[in-house]
Amino acid sequence: MKTFATLYRRIDAATSTQHKRQALIDYLRLAVGDPEQYASAAWTVYFLAGGKPRQMISTKLLRQLVLEATDLPEWLLDECYHSVGDLAETMALLLPPPTRVEDAPLDVWMNERLLPLRERDDAARLAALRDWLDAMPSDDRLPFFKLVTGELRIGVSKLQMTQAIAQATELDAKLVAQRMMGYTQANRAPQAQDFVALVAPAEAGEDGRPLRGQPYPFFLAHPLQAPLSAFPELLGPVDDWLVEWKFDGIRAQFIHRAGEWWLWSRGEELVSDSFPELAALVDFLPDDIVLDGELIVIAPRSDARSAMDDLSDLRPFSELQQRLGRKVLTPKMLRDRPVALIAYDLLEKDGYDLREKPQRERRALLEDVVSRAHSSAMQVGADLPLRLSPALTQPDWESFARQREEARARGAEGMMLKAMGAPYGVGRQKSGANLWWKWKLDPMSVDAVLIYAARGHGRRSGVYSDYTFAVWSGPPEQTDRTLLPFAKAYSGLSDEEMRKVDATIRRTTIENFGPVRSVRPTMVFELGFEGIGSSNRHKSGIAVRFPRMLRWRQDKPVEDADTIEALRALLPGGGA
Amino acid sequence: MTKDLIVPAAEGLYCPQGKFHIDPWRPAALAVITHGHSDHARWGSGAYLCHEDCAPILRRRLGDVRIETLRYGESRQIGEVRLSLHPAGHVIGSAQVRIERRDEVWVASGDYKLEADGISAPFEPVRCDAFITESTFGLPIYRWRPQAEVMGDINSWWAENARAGRASVMQAYGLGKAQRLLRHLDAKIGPIVCHGAIEPLNQIHRDLGIALPPTLNVGALDKAGLSRCFALAPPHAVQSGWIRRFGNHSEAFASGWMRLRGNRRRRGVDQGFALSDHADWPGLLQAIAATGAARIFVTHGSGEALSRYLRERGYDARPMATEYGDEALEGEAEPNIEADTDGA
Ligand SMILES: [Zn+2]
Ligand SMILES: [Zn+2]
């Protein structure tokens, strides 16, 4: 734990990405040179690159442990938590110092101590924890609590980890990226040999090809924010670009190799089990093929089979969300919310990696593959949950801009622009002509009233930075109208603004409920969001996606904030 | 029936039987001052009464004002009450104010800490019936490590930077914290630089017989000297051009608030050292118990939480509203605040 905790603290204290990367590289160099560390390094890489085992110990149990060890009343623990803004840190600060020191490497902690705890009962867990914590230096407890509560967010991205490994081992970053694919899957227990496989010298012929069910690193898009007038200069003629809708689903890679299939989400989670209907693809697609596309819920099937580029039956993201995270998929769920894969790229065919081929060629091969699959499905009367993302054509960028306005009505978020001559890259490339662009619609927005505030976490801990927003239930002339909450947002304000808002909140507090305060409605914000749907979670009956504060409307009196009607009008279908 | 000897008033804590205020935040006729931090020693009162070691600080801050002084333990009759000052251990010349009338004793603590800092006279508990305590760090998450350990870390940080050829720039409040750091720095590591806002306060300490290592103006060092130096500055100075003169440097902040990760990150310093001139949670509880008082009034900081905790343990405790600096973000909210507010 000590080595891991030391690295954690060094990364955590780093004030620049440069320092952060150096800390990783220093650690990795030592680990690579010391076989005794391979097993613990396998876990270290797993955690820092974002891997999460299922929560090993419940927060409730940890609270109980701290209350017993400190003899504090529960309300005071809560008071401390509200002040610190982070439970793991609060507990680390409250526990009495150790009476002895005894440590083990991270892999021993994970494999022999923490993971087996899942099979034990609460009393046994509590006893074990008490014993371990009593032998753990105070400084190591924060990383320890972060780890066991599954909240080890420390600002290292998978890409940074990949680059650090590449730099520490002098391997090609693309090769490391390939080796990292799937490394951080949930509930994996990485072993010494997994670390060796990450850092070993490249083997002859190893060109970063994935094995068995392993996916390719996803090529990620950049937001296109230039004004339309700059497009000709920035992008050139429209003919050089493949233009498609930007679908509002889940990015996924479908892999069919050696008779088996795998489905990976963009977060590099294996999600095959959540979408069993895609098994049908195996019967109609050739072997040794990898598709990149979007998973999306489609309207329950009627008798009519869908054409391969039919987009009329796409459902909003909120319906897909209802399928995610379900442990058990009921037949009803599968019937009411079937999914399809909208394919937009072909990464591998007949076992050959196509990523270096230009987009134009990959697209032609993709069209061929999907249409063959559809015609063989048609011959046996099967409805294939596979579509082809249509290539949109317009004479110029202005026409595309006009067409983009239809995106929302089609359940899309905007358009994707992909250079026809470009290969399929790795991750989010920084620059160059070969980027993928996401050209999103401007977010929808309403003017909403701040009615609750909670203290933030991490960088914003101690400051009232997380807000709940509401709109009016009716027009101003309706005297008994009320404020209906519909969204929570915490991003979009500058630090300066946040401080002012924080001060206003403290001044206008009506009531405290633990960490949350209700405030007198005095502040109006322009709230932007990227999707909207019906919901039972909020009183307003509406939920929005990715809400954020666009502007603090200090010019706007509360009475002039928007009404629920304005929100309903934004629902797909215009709130009919 | 006895009447309270200290009550909250618009100007600050007030003793009606003696007709004086303690650390008033608005002008009063007679201001009894617990210590020289700017939120406790404010401008505009008719006359000031404080410990003799606090007087030079008041003079420097408030200019030509009427100041009378007492030594620790020396008492004086004011109106119907007998007043004396007792060591608070917070900064040089800091005092608890003891007020006695017939057989009733009240004590206002001002700011205090229990650990001896090597500069101020160590805190002495005073038996009383009612105790007005600060609670800047009145939550159990605040538990200080011994000064020797923290200073050991600070000296190692400096030595490590000096080896790597970069300056060590430490932000600290100018009155109290700065001198405490100076007193315990290992001057063998390299030269010590003090910002112009701190140096006069160092001089006051030296004049009072406190031994501090030699301190230099930033202009007195060449490049090689700067790369090994330890530089002390009030928090606002780091945003000025002053800090640019050090070139490659590491920044740290010494304050009790640095115990929390969120505060360290918000400050954007490379290192935060939790070194405070206020009592931590165990210190507050220990000090309160040692007074033997049944009635406790809690000022600053987490007044509500500490009061409730004390009530659950049988005390008659309640918060008392004051206008002393206590917010975690004060240093940030007012970057131009005078160098030595509150000395957290
Ligand atoms: Zn104070
Ligand atoms: Zn003070």
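The sequence lines fix the lettering, A, B, ..., with proteins before strands; numbering per chain opens at 1.
Looking at heavy atoms from C-beta onward, W281(B) lies out of side-chain contact with L94(A) at the 4.5 angstrom threshold.
Taking CG of L139(B) as the start and OG of S83(A) as the end, the distance is 5.0 Å to the nearest 0.5 Å. In this structure, CG in L306(B) is found 11.5 Å from CD in E79(A), a value given to the nearest 0.5 Å.
For a residue to count as touching a neighbouring chain, one of its non-hydrogen atoms must lie under 4.5 Å from one of that chain's; by this rule E312(B) touches chain A with the side chain only. Only the side chain of R313(B) comes within contact range of chain A, with at least one heavy atom under 4.5 Å from a heavy atom of that chain. When heavy atoms are compared at a cutoff of 4.5 Å, A14(A) approaches chain B solely by way of its backbone atoms N, CA, C and O.
Annotation for Y452(A): atom OH does not count as buried by contact number, only 12 or fewer foreign heavy atoms lying within 6.0 Å.
Between chain A and the options V269(B), I141(B), D270(B), heavy-atom pairs under 4.5 Å are most frequent for I141(B).
For the pair Y309(B) and P73(A), the tightest heavy-atom approach, listed with the atom from each and the gap, is CE1-CD, 3.8 Å.
Under the 3.5 Å distance criterion, the side-chain polar atoms of R143(B) are matched with a main-chain donor or acceptor of L95(A). Listed for the R259(B) side chain is a donor-acceptor partner under 3.5 Å among the backbone atoms of L93(A). Under a 3.5 Å cut-off, the side chain of E89(A) and the backbone N or O of L260(B) do not form any donor-acceptor pair.
Ion pair D12(A)/R261(B) flagged as a salt bridge, since at least one NZ, NE, NH1 or NH2 atom sits closer than 4.0 Å to an Asp/Glu carboxylate oxygen.
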